[in-house]
Amino acid sequence: MEWPARWKDLTLAVIDVETTGLDPTVDRVMEVGIIRFEMGEVVERYGRLINPGMPIPEESARITGIKDEDVQDQPSFEELADEIHERLQGVGIVAYNLSFDRSFMKAELERCGLRWPEEAPTLDPLIFARQFFKNSPRKNLGAISKLLGIPLEEAHRATHDAEVAGKVLFAF
């Protein structure tokens, strides 16, 4: 595939996942958000709660507000894998702290026999934040979005975090 020379000319899929823990080899995705941006504008919002197939630990529920009863009747990642995978094709992929989200998405896709699109250009607004706000004590999405005047209504919910991460990237 021929990619544009400038990242802002790419169609971008900004992703965020909420997970049952921090280890993609044992923990699972319980919410995914994929926000598609074209030329800085949101053109599609995709967000799904996912039944992780395991109890949601108290710490994860406290941070995200997602509880076992919220996901008990939701589809598994495997049931959504094809539509999630399709949304990652032919786009640049963005995530705030990309290594975390990519590790979980890659692990979940591989469990379903699908491949993370290694050829896709990737961007991580956290890298810019570390450069532009060197003196700021906190560089998480909430702190940086506040410094940039971008409201983050529901932190630690996948679609909201993904949309704000995209807006932060374009603000930079």
Side-chain angles (χ1 to χ4, degrees), residues 12-37 42 44-89 91-118 120 122-127 129-130 137-146 150-169:
L12 299 174
V14 186
I15 64 171
D16 188 76
V17 295
E18 302 304 333
T19 63
T20 60
L22 302 175
D23 183 349
T25 62
V26 294
D27 292 305
R28 295 293 188 264
V29 170
M30 57 187 187
E31 185 178 35
V32 63
I34 304 172
I35 308 297
R36 190 174 289 248
F37 281 81
V42 174
E44 181 187 43
R45 288 178 180 86
Y46 173 85
R48 292 298 304 258
L49 283 170
I50 294 172
N51 186 328
M54 64 187 298
I56 296 173
E58 190 176 310
E59 176 73 1
S60 294
R62 186 185 60 73
I63 291 169
T64 65
I66 301 169
K67 300 174 183 61
D68 289 325
E69 55 268 22
D70 298 325
V71 298
Q72 67 187 7
D73 297 326
Q74 298 298 320
S76 66
F77 192 96
E78 186 175 15
E79 292 172 88
L80 300 171
D82 287 334
E83 65 188 57
I84 291 169
H85 184 257
E86 181 62 32
R87 284 179 163 76
L88 301 178
Q89 304 308 304
V91 295
I93 299 174
V94 177
Y96 202 90
N97 193 11
L98 177 67
S99 61
F100 180 84
D101 296 272
R102 177 176 42 208
S103 68
F104 272 91
M105 290 289 279
K106 188 173 182 176
E108 292 283 16
L109 288 167
E110 286 174 359
R111 286 183 196 104
C112 299
L114 298 168
R115 200 175 66 74
W116 171 266
E118 297 291 346
T122 56
L123 290 160
D124 184 346
L126 177 58
I127 293 169
R130 288 177 176 150
R138 300 184 67 218
K139 295 177 184 65
N140 63 29
L141 182 60
I144 297 302
S145 66
K146 186 174 184 176
I150 299 168
L152 178 55
E153 312 275 317
E154 290 187 58
H156 300 294
R157 290 306 301 263
T159 53
H160 297 282
D161 285 357
E163 186 164 341
V164 169
K167 290 178 178 179
V168 164
L169 176 67

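- Applying the salt bridge (Lys or Arg N to Asp or Glu O under 4.0 Å) test to Glu154 and every residue at least two apart in sequence or in another chain returns nothing.
- Every residue meeting the side chain to side chain contact (heavy atoms under 4.5 Å, CB included) condition with Pro24, not counting sequence neighbours, appears here in chain and number order: Ser103, Phe104, Ala107.
- Listed by chain and number, the residues in a side chain to side chain donor-acceptor pair (under 3.5 Å) with Lys139 amount to none (sequence neighbours excluded).
- Note on Arg62 versus Glu58: no salt bridge recorded, every NZ/NE/NH1/NH2 to OD/OE distance being 4.0 Å or above.
- Note on residues 93-113: pairs passing salt bridge (Lys or Arg N to Asp or Glu O under 4.0 Å), not counting sequence neighbours, are Lys106-Glu118, Glu108-Arg111.
- Scanning for side chain to side chain donor-acceptor pair (under 3.5 Å) contacts around His156 gives an empty result, with sequence neighbours left out.
- Scanning for salt bridge (Lys or Arg N to Asp or Glu O under 4.0 Å) contacts around Arg138 gives an empty result, with sequence neighbours left out.
- A salt bridge (Lys or Arg N to Asp or Glu O under 4.0 Å) check over residues 65-77, counting only residues at least two apart or in different chains, returns nothing.
- Scored by the side chain to side chain contact (heavy atoms under 4.5 Å, CB included) test, Leu22 finds Phe100 as partners (sequence neighbours excluded).
- The salt bridge (Lys or Arg N to Asp or Glu O under 4.0 Å) contacts involving residues 17-35 comprise Glu31-Arg157, where partners must be two or more places apart or lie in separate chains.
- Judged as a side chain to side chain contact (heavy atoms under 4.5 Å, CB included), and not counting sequence neighbours, the contacts of Pro75 are Arg48, Glu79, Leu80.
- With sequence neighbours left out, the side chain to side chain contact (heavy atoms under 4.5 Å, CB included) criterion links Asp124 to Leu98, Leu126, Ile127.
- Partners of Glu78 according to the side chain to side chain donor-acceptor pair (under 3.5 Å) rule, which considers only residues two or more places apart in sequence or in another chain, do not exist here.
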